[in-house]
2 protein chains.
Amino acid sequence: MALDLRRPERAFTIRQLCLEFKCTPRALRFYEDKGLLAPARQGLNRVYSYKDRAQLQLILRGKRVGLSLAEIREILQLYDKEDGGAAQNAKALRRFKERIIAFEQRREDIDLAIAELREASERLENLLAKVRPDLLPGDGEFLPPPHTVAYPRHV
Amino acid sequence: MALDLRRPERAFTIRQLCLEFKCTPRALRFYEDKGLLAPARQGLNRVYSYKDRAQLQLILRGKRVGLSLAEIREILQLYDKEDGGAAQNAKALRRFKERIIAFEQRREDIDLAIAELREASERLENLLAKVRPDLLPGDGEFLPPPHTVAYPRHV
DNA sequence: TTCCATCTTGACGTTAACGTAACCCTGAAT
DNA sequence: ATTCAGGGTTACGTTAACGTCAAGATGGAA
């Protein structure tokens, strides 16, 4: 059986993570420069722990929903500093709640967008059904996995 | 009673739209350059119709959920070309469905992010409740509207 | 040993999405 | 008559988020 990725002692090279998450070494080093990642070293080489991998997941997810690296870093720092004194924690709590509200607004936007696209799709489907039913995707037919990347790498 | 914004004959100056949507004239002209907007003219001056205004809404919403202007333009063009022949329509239909799937994935990401932030908030709240209950926002207290912009203008 | 793949650190190039400055026009107000 | 607020068009500057070399260390395979 394959190595459990979640084994805390599991370590990754930069390339392994890049393959897994479809990004480039340059990007990971860039995130490190900007303070979003801090992998260990073996000599010069970077060694990513399971925690680093999880953090990378958060970074990429943040990017997909439109956060800038600066915003992502701020959130990650809030996670890190669950020490730092009660006053700091109170501030962190406020920031978390603000973020939650912002995210909920974004989800609103997404839901609206989806609704509009669905409407447009239906209009088109009805129109095609009358004019060229043969062009409609058959009933039992599945959409092939889109070749176009869902989340374009270039922002 | 105020002018109904939805009156089809209602027209807007560039500044009116900018005030309403909190963006700059430069941005609107830029979107026009890029083919996302095409307001009418009175002499040199741009005159935005109600349709233009609606389209601007779509553009800004797209931006908030992380789309590039190029992607937004592509979507807008799909809307425009609900003519263009049956084959074109079939292609448009496919693109719409792809977009819907992509949006649904993004919503997944957002839901995950919200869930994590909620967890972190609860942890912090519990911690604070033990250590410094006075720092917690009181029960009847409302969060003030965040001064920080939910959607930073600079991408 | 030599080669090769894979890592490293600079450093410069690139693209998107505007900001900003310079200059011109125009109609209304002082 | 002039001032000025609002609009316009270049055109260059800026920032984020990397891409793309260049040049070097390293450790295993031929």
Side-chain angles (χ1 to χ4, degrees), chain A residues 11-49 52-53 55-77 149 151-155, chain B residues 11-49 52-53 55-77 149 151-155:
Chain A
F12 308 85
T13 95
I14 195 171
R15 194 154 299 267
Q16 285 171 340
L17 287 189
C18 287
L19 286 176
E20 181 177 359
F21 294 109
K22 298 194 187 303
C23 51
T24 72
R26 179 69 177 95
L28 294 205
R29 298 192 191 108
F30 186 75
Y31 300 155
E32 189 174 344
D33 269 16
K34 295 294 174 179
L36 285 84
L37 277 176
R41 299 286 181 130
Q42 271 183 28
L44 280 184
N45 294 13
R46 290 167 173 82
V47 183
Y48 294 88
S49 69
D52 294 323
R53 177 171 168 280
Q55 197 145 332
L56 176 58
Q57 258 183 359
L58 289 183
I59 294 172
L60 298 177
R61 183 181 304 154
K63 288 202 53 185
R64 286 194 298 260
V65 302
L67 295 186
S68 74
L69 294 189
E71 295 172 300
I72 296 174
R73 180 183 48 206
E74 206 229 294
I75 296 182
L76 292 179
Q77 285 171 354
V149 212
Y151 308 128
R153 201 171 312 162
H154 294 286
V155 44
Chain B
F12 308 86
T13 96
I14 195 171
R15 193 154 300 268
Q16 285 171 339
L17 286 189
C18 287
L19 286 176
E20 181 176 359
F21 295 110
K22 298 193 187 304
C23 52
T24 71
R26 179 68 177 95
L28 293 206
R29 299 193 190 109
F30 186 74
Y31 300 154
E32 188 174 345
D33 269 15
K34 296 294 173 178
L36 284 85
L37 276 176
R41 300 282 182 134
Q42 271 184 28
L44 280 184
N45 293 13
R46 279 162 249 256
V47 183
Y48 295 87
S49 70
D52 294 323
R53 177 172 169 280
Q55 196 145 332
L56 177 57
Q57 259 184 0
L58 289 183
I59 294 172
L60 298 176
R61 184 182 302 153
K63 288 202 54 185
R64 287 195 297 261
V65 302
L67 295 185
S68 74
L69 294 188
E71 295 173 300
I72 296 174
R73 180 182 49 205
E74 207 229 294
I75 296 182
L76 292 179
Q77 285 171 354
V149 212
Y151 307 127
R153 200 172 310 164
H154 293 286
V155 44

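Chain letters run A, B, ... following the sequence lines, proteins first, then strands; residues in each count from 1.
Contact check, T13(A) against dT6(C): no side-chain N or O comes under 4.0 Å of OP1 or OP2. Contact annotation: Y31(B) reaches the phosphate of dC18(C) (side-chain N/O to OP1 or OP2, under 4.0 Å). At the phosphate of dC18(D), neither OP1 nor OP2 sits under 4.0 Å from any side-chain N or O atom of T24(A). Phosphate proximity of dC18(D) to K63(A): present, with a side-chain N or O under 4.0 Å from OP1 or OP2.
Rounded to whole angstrom, the span from the CD1 atom of I59(B) across to the P atom of dA16(C) amounts to 17 Å. In this structure, CD1 of I14(A) is placed 18 Å from P of dA5(C), rounded to the nearest angstrom.
Scanning all heavy atoms of the two residues, the minimum distance from P39(B) to V47(B) falls at CB-O, 3.6 Å. Closest approach of R15(A) to P25(A), counting heavy atoms only: NH2-CG, 3.9 Å.
Listed candidates were dC18(C), dC7(C), dA17(D). Nearest to the side chain of L69(B) is dC18(C). Distance from the side chain of R29(B) is smallest for dT9(D) among the nucleotides dC7(C), dA17(C), dT9(D).
The salt bridge (Lys or Arg N to Asp or Glu O under 4.0 Å) search around R73(B) returns none, not counting sequence neighbours.
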Hey, what are the protein-to-nucleotides 10-15 of chain C N/O distances that come in under 3.5 Å?
none

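DNA chain D lies under 4.0 Å from at least one heavy atom of each of the following residues of residues 34-47 of chain B: R41(B), L44(B), N45(B), R46(B).
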